[in-house]
K.L.:
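Sending over a structure as structure tokens; questions will come in a sec.
Here is how names work: the chains are called A, B, and so on, in the same order as the sequence lines, proteins then strands, and each is numbered from 1.
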Protein chains: 2
Amino acid sequence: CGERLNNQPKLTAPVFSRLREHCGGGEWLLSGIICINILMLGCALVSSSAFNVVAITPVHRQIFLITLLVLTMLWMLFYMVVTSRKDRAVLFKDRHAGPVWLKAGLVLFGLLSFLMDIFKIATYVGYLHCDSPVKVAYPIVQAVFLFFQTYFLWFHSRDCVQLHTSLTRCGLTLTLSTNLVVWMAAVTEESIHQTEITHLNISVSHKLYRANYGAKKCTCSHMACETFKEAFYYLYPFNIEYSLFASAMTYIMWKNVGRIVEHHKHYKFNFYVKDVFVGPVAGLLLVVAGLVTFVLYKINILKEDKDKRNKALLIHFIMNIVIVSLMSLSTMIGCIIYRLDRREYVSDKNPTRSLDVGLLVASSLGQFIISYFSLVATVATGAQGYLNVLNLAWAVVLVVEIGLQNYFIIEGLHREPINVMPANARAFQDHAEMANDVEGQISRYSISKKPSWKRRVLREVCAFLLLANIILWIMPAFGARPQFDHSAEIYFYNYTMWNAIVNIGLPFGIFYRMHAVASLFEVYLRD
Amino acid sequence: CGERLNNQPKLTAPVFSRLREHCGGGEWLLSGIICINILMLGCALVSSSAFNVVAITPVHRQIFLITLLVLTMLWMLFYMVVTSRKDRAVLFKDRHAGPVWLKAGLVLFGLLSFLMDIFKIATYVGYLHCDSPVKVAYPIVQAVFLFFQTYFLWFHSRDCVQLHTSLTRCGLTLTLSTNLVVWMAAVTEESIHQTEITHLNISVSHKLYRANYGAKKCTCSHMACETFKEAFYYLYPFNIEYSLFASAMTYIMWKNVGRIVEHHKHYKFNFYVKDVFVGPVAGLLLVVAGLVTFVLYKINILKEDKDKRNKALLIHFIMNIVIVSLMSLSTMIGCIIYRLDRREYVSDKNPTRSLDVGLLVASSLGQFIISYFSLVATVATGAQGYLNVLNLAWAVVLVVEIGLQNYFIIEGLHREPINVMPANARAFQDHAEMANDVEGQISRYSISKKPSWKRRVLREVCAFLLLANIILWIMPAFGARPQFDHSAEIYFYNYTMWNAIVNIGLPFGIFYRMHAVASLFEVYLRD
């Protein structure tokens, strides 16, 4: 079907796009079915390697993962060498897909994951004389895969593929499900490891520990083993982030297969900074203050002295509450201005925007779930002691802030930009009954060329929120884990459960902050 | 915004619908935020009442649920008395929403849930002298809620509300999240109960058991207590189904708020049976055979004799494998015919159809996950013994069958009906370059007025699959649980985990079968 269409270059875009909808139902379905099957099988394997270490060892899981990684690489190679080189394979590029922040994040986390793999190889080489060689093979394959995939996504994430669509769709869902299975495996391993290191007397973790290292008879043959092991576990969160980033980009590519991008709307945004002052300055102050307390926290939390640890937590909680409260306040001001300023909503359907909004809301669920579990635990135990009260307060303001910020960003993305004449104002003129209204609109837009106070305040709010989100990203991304350092929730839920919640929720929370920064930047340019 | 639009009755549908898109961004968002917050809080409460029975007792959870149920009922009352009675409140009805099978299922499961509540009240009245009265209050409130909600959904599920849209959206997401929290609570309670009754020596379940009944000092004051308790736990799965049905209907209503239904396509389907023979007869034979083995299974599985239990399992597995294999075969034939028969795809956007497809795929995940977990467990333990081999075979053919059936149904729903001239054939004539192609189409459609062999085979396949899905629905819905009677997976995963998987997956699997029956009926009418 794709072939047939591409032989008709004279077709106008709307006809072409209508035709396109008729084809491809089957391809879409087939790739979806493949994705579901790999995911379910992966889920079952990963869960059973965690719950039943006797029958399914990590080696089985790693063999499955190696197979997936190799298959994905083969397809990527085919795509890069055959499909994308052909004439008419990529007629359009989706300019909204693969934004800079996503690419930069992918490379950053990719490099750190690569480092993790190096450490892993170095560690497991020491166990080679008594453990399976698969434990060395898996990080090697994964390291190669990291390069392959980062290269592939860097250069091809904007492609709207028109040729071999069926194969490309299936290949993309294969990539997507591989990344998600790698993500599941990493989350599980990290949870098991966290459970081990607390030395809580849980028999399950001991059993796991022994099973991982061959019933404790297998000892490392070189000295640096323990150091490497500690180092690579420290880098796990970055690998988890990398998989999430790659999944998001692959999903966007999958949605774009066979898509015809119409270049009908082309806003030119200008990046002014001169009008705004309060927001950026306040934001920068917050970032600096946040960095200082973050460094203090990281230094003090590892001390033996319990008082110092509590003090570190106290400062961290207070700083976070201050940041999040200020953000809630400024977002509220922004929302009120949106209410006052009755601009038109953007009327065109934009798949990338819908996807952006979906990813924003979905990733915010990660922080929501952690906060609500914290909240229930603290309220149920009576919130005794100042640390618990602060923890409760933090959970509450976070829920408020994320709700408000989501509202603000989504409203902002759906409004017509102020500084351009909207294209659909012309479309409206076709409807005679609306002519008056439209003229009013146009004059309103011409007036708003010089920045009104509303526009200035919105920009201040955006700039402030943007910087505040950056510091809220830095803290968890570089290893602040008050969820484990403060033990209230650990004792309330059992350890494994709280681990699973934080390890699933927090990477999404980190992704959310980066995504929010990018979206706020777009809102800033629009206002 | 809704108000403003409704004052302009002269607007044509397309203009009206475009305007509508401009409004309501904020309302949509607000209701979404409410839904997420209730769900997360509910999730945290339900989980902690399962994992930490000391701090959060079932009483706390039930107080939360009672609050939600009462709030939902208040909104429903407001909607039925104020909103829906007003002029212009419901200008359109979505004829696709709230189909008969969904309504019938709702009433059936509602009645059984009501019975469950009666039994619950009778049981907990016996504990009143030493346990919290909330345990009696909750089933009473739930019983009232069942009547309210069933009445509400029966009469209003097709409404496309145009007035008080903001309040209605929020009310509907409140209803949706209430149902989902009730669902979560029921799944958790059922899992805990199942863990208890196996008398496995797991300390956790004993702790739970004692906490549920006041540290085993609280005994029932009347004789029928144990009988009632057994009866209401038997009815739990129906309550779980009821919540899922209500959630699906509420979600459709929420999507329909503010929607303008355009009556532009109106197929008249005729229900012929005379052309088909093999499919219905084979299907009926399968249903009868399935019912016979099901009754045998139910009788023998409760016997003390282990040989008889194994024999019952053997028959049940073989019967299921036969049914599912035959279904896979006939679906494959259907898919081949779809490949041969290159009919056009339906080009109009239909939100109800997209939702239908989404629900079908999502609910099939339930069966997928059970099958894959079974598969991994059986393969990992080496599939020793004929029962394990049969269990493995069943898991494999189920995965194949569901994948094929999803493909078949979705393809079928997206094709132009055979027995009507497609509306878009006329639209195509505008494009001169396509005229030849279109004429070919039209003549093809005129010829196909008399049933071709392809059409006959498709109808046979549909009829057969429809009946086969009915028997596959009956067996799990009325209490066949080979997942617990056959102990391979219970020992492989730990008990709690396998319980959670089956209790979450199976209700979706049951929902899937009913949904598939309805969808196959629609495909039957189209072909």
K.L.:
So, taking the atom named CE in B/M40 and the one named OG in A/S371, what distance separates them when rounded to the nearest 0.5 Å?
P.N.:
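If I round to the nearest 0.5 Å, the distance is 10.5 Å.
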K.L.:
Once you measure the plane-to-plane angle for A/Y493 and A/W498, does it fall in the parallel (<30°), tilted (30-60°) or perpendicular (>60°) bin?
P.N.:
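Geometry flag for A/W498 against A/Y493: parallel rings.
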K.L.:
With side chain to side chain donor-acceptor pair (under 3.5 Å) as the criterion, how do A/Q405 and A/T331 come out once you've worked through the C-alpha distance, each side chain's angles and the decisive distance to 0.1 Å?
P.N.:
CA-CA 6 Å; A/Q405 182 166 290; A/T331 321; 5.2 Å; no
K.L.:
Going through the checks in order, is the side chain to side chain donor-acceptor pair (under 3.5 Å) test met by A/S31 and A/R169?
P.N.:
CA-CA 6 Å; A/S31 62; A/R169 269 179 218 261; 5.7 Å; no
K.L.:
A/I33 versus chain B, heavy atoms under 4.5 Å apart: side chain, backbone, both or neither?
P.N.:
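Answer is side chain: those atoms of A/I33 sit under 4.5 Å from chain B.
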K.L.:
Under 4.5 Å, counting heavy-atom pairs only, tell me which of A/I501, A/N37, A/V376 racks up the most with chain B.
P.N.:
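Heavy-atom pair counts peak at A/N37.
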K.L.:
Is it true that a side-chain atom of A/R415 and a backbone atom of A/Y338 form a donor plus acceptor pair closer than 3.5 Å?
P.N.:
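Yes, the answer is positive, given that a donor and an acceptor are paired below the 3.5 Å cut-off.
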K.L.:
If you count heavy-atom pairs under 4.5 Å between each of A/L39, A/V357, A/L365, A/N406 and chain B, which one has the most?
P.N.:
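Max contact count across the listed options: A/L365.
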K.L.:
Where does A/I36 contact chain B at under 4.5 Å (heavy atoms): side chain, backbone, both or neither?
P.N.:
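For A/I36, the side chain is the part near chain B, not the backbone.
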K.L.:
Where on A/V361 is there a heavy atom nearer than 4.5 Å to chain B: the side chain, the backbone, both, or neither?
P.N.:
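Just the side chain, heavy atoms under 4.5 Å.
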